[in-house]
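These values consider heavy atoms only, across backbone and side chains, with no hydrogens, waters or symmetry-generated copies. Proteins come first, then strands; the chains are lettered A, B, ... in the order of their sequence lines, and each starts at number 1.
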Protein chains: 2
Amino acid sequence: MSEGITVFTDGASVGGGGGPGGWGVVVVRGGTERSLSGHEPETTNQRMEILAAIKALESVRGFEGEITVYSDSSYLVNCLRRRWYVKWLAEGWTNSKKQPVANRDLWERLLAAISDAERTGASVEFRKVRGHTKATHERARGNRLADSLAVAAKKEAIKRFGAS
Amino acid sequence: MSEGITVFTDGASVGGGGGPGGWGVVVVRGGTERSLSGHEPETTNQRMEILAAIKALESVRGFEGEITVYSDSSYLVNCLRRRWYVKWLAEGWTNSKKQPVANRDLWERLLAAISDAERTGASVEFRKVRGHTKATHERARGNRLADSLAVAAKKEAIKRFGAS
RNA sequence: GGACACCAAUUAAU
DNA sequence: ATTAATTGGTGTCC
């Protein structure tokens, strides 16, 4: 029987606004855990949250089964669960204020990654987790791990590219 | 030639949140040092930091020359250096979260004190110092002195008005 | 108006 | 070293 994959993602950036940032991903499959992370010289917290999800899906490409992605970003999770993107696609990538949707490049990559996964036999579900919880259940632990990776990656970015 | 004035300010309060608190100011002018302090029965650390700066400027009223105010409060220093107050004034004293700006009464007194000093021929500059440093340079020493005064004043407040 | 993140600093408590 | 309280900022959407 095909066990599903559980993924935890998180992003971090200096100042929340423009600056160095990092992302972290923890992939749990069966009893094993894999983690990835990366950084960027100039980004935002939101971009890192989206990029983490993209990297997560790209890292499990070809998997046939259920993929559950946990994130503490309502920005990311609501886009998928509440299907904001449907409206964005229909309206030519403008939001409810008629402004261009931010981070369109990453949203498009993410939607493509999801489509790709589903085309090859996976199902993808996004779920919200509370960030910064002291709880001990797996979701909380996974989120903390992803957070650690993101923060470490962000620090690496600061070291390489200079602080804000 | 007119030597500048250097001022060190600090505030302290019980619990960081509401409680008794105190402030301390050290004024260095030429070779001489003057210090002031005071306390309040119910205040916050932030209010004490602002009040210390107000008291400092009021204590050198009429001075014509450069006044440098050192504080370890980024709350205080950022407001002045990053000109948060310009936005607050323009937006009717609401912050970026559309909430009323906290401690408006003290900010207004401080801005008035600065205007007053500049109107009478002084220039005022705020600078950040790291708090609780063991360094030996003058800024660190001044900050420690101001800190001692603030803490002593806070203790006096506790004695007079009861602990938290 | 609502929501979730990201970040900064200070102050304290043990 | 960790937990908790205050203040401030930006990123984004509905």
What residues from [range] pass a heavy-atom cutoff of under 4.0 Å to RNA chain C?
range                       : value
residues 67-77 of chain A   : A:Asp72, A:Ser73, A:Ser74
residues 37-49 of chain A   : A:Asn45, A:Glu49
residues 132-152 of chain A : A:His132, A:Asp147
residues 97-109 of chain A  : none

Members sharing A:Val26's hydrophobic cluster (side chains within less than 4.5 Å):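 In the cluster with A:Val26 are A:Phe8, A:Val28, A:Tyr70, A:Val129, A:Leu145, A:Leu149.
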
Cluster companions of B:Val151 among Ile, Leu, Val, Met, Phe, Trp, Tyr (side-chain spacing under 4.5 Å):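 When side chains under 4.5 Å apart are linked, B:Val151 ends up in no cluster with other residues.
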
Selected nucleotide, minimal atom distance to A:Asp10 side chain, candidates D:dC14, C:C6, C:C7: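 Within the option list, the nearest is C:C6.
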
Can you name the residues that form a salt bridge (Lys or Arg N to Asp or Glu O under 4.0 Å) with [X], not counting sequence neighbours?
X        : result
B:Glu33  : none
A:Arg127 : A:Glu125
A:Arg104 : A:Glu108

side-chain hydrogen bond (donor to acceptor under 3.5 Å, both in side chains) contacts in which one or both residues fall within residues 129-148 of chain A, not counting sequence neighbours: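 Non-adjacent pairs meeting side-chain hydrogen bond (donor to acceptor under 3.5 Å, both in side chains): A:Asp72-A:Asn143.
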
Ring pair (Phe, Tyr, Trp, His ring centres under 6.0 Å) involving B:Trp107 - partner list, sequence neighbours excluded: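 Per chain and number, B:Trp107 pairs via ring pair (Phe, Tyr, Trp, His ring centres under 6.0 Å) with B:Tyr75, B:Trp88.
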
Sugar-phosphate only, base, or nothing, as touched by A:Asn78 at under 4.0 Å among non-hydrogen atoms: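 Here A:Asn78 touches no strand at all.
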
Pairs touching residues 11-51 of chain A that satisfy ring-ring contact (aromatic ring centres under 6.0 Å, His included), sequence neighbours left out: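 Qualifying pairs, neighbours excluded: A:His39-A:Phe161.
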
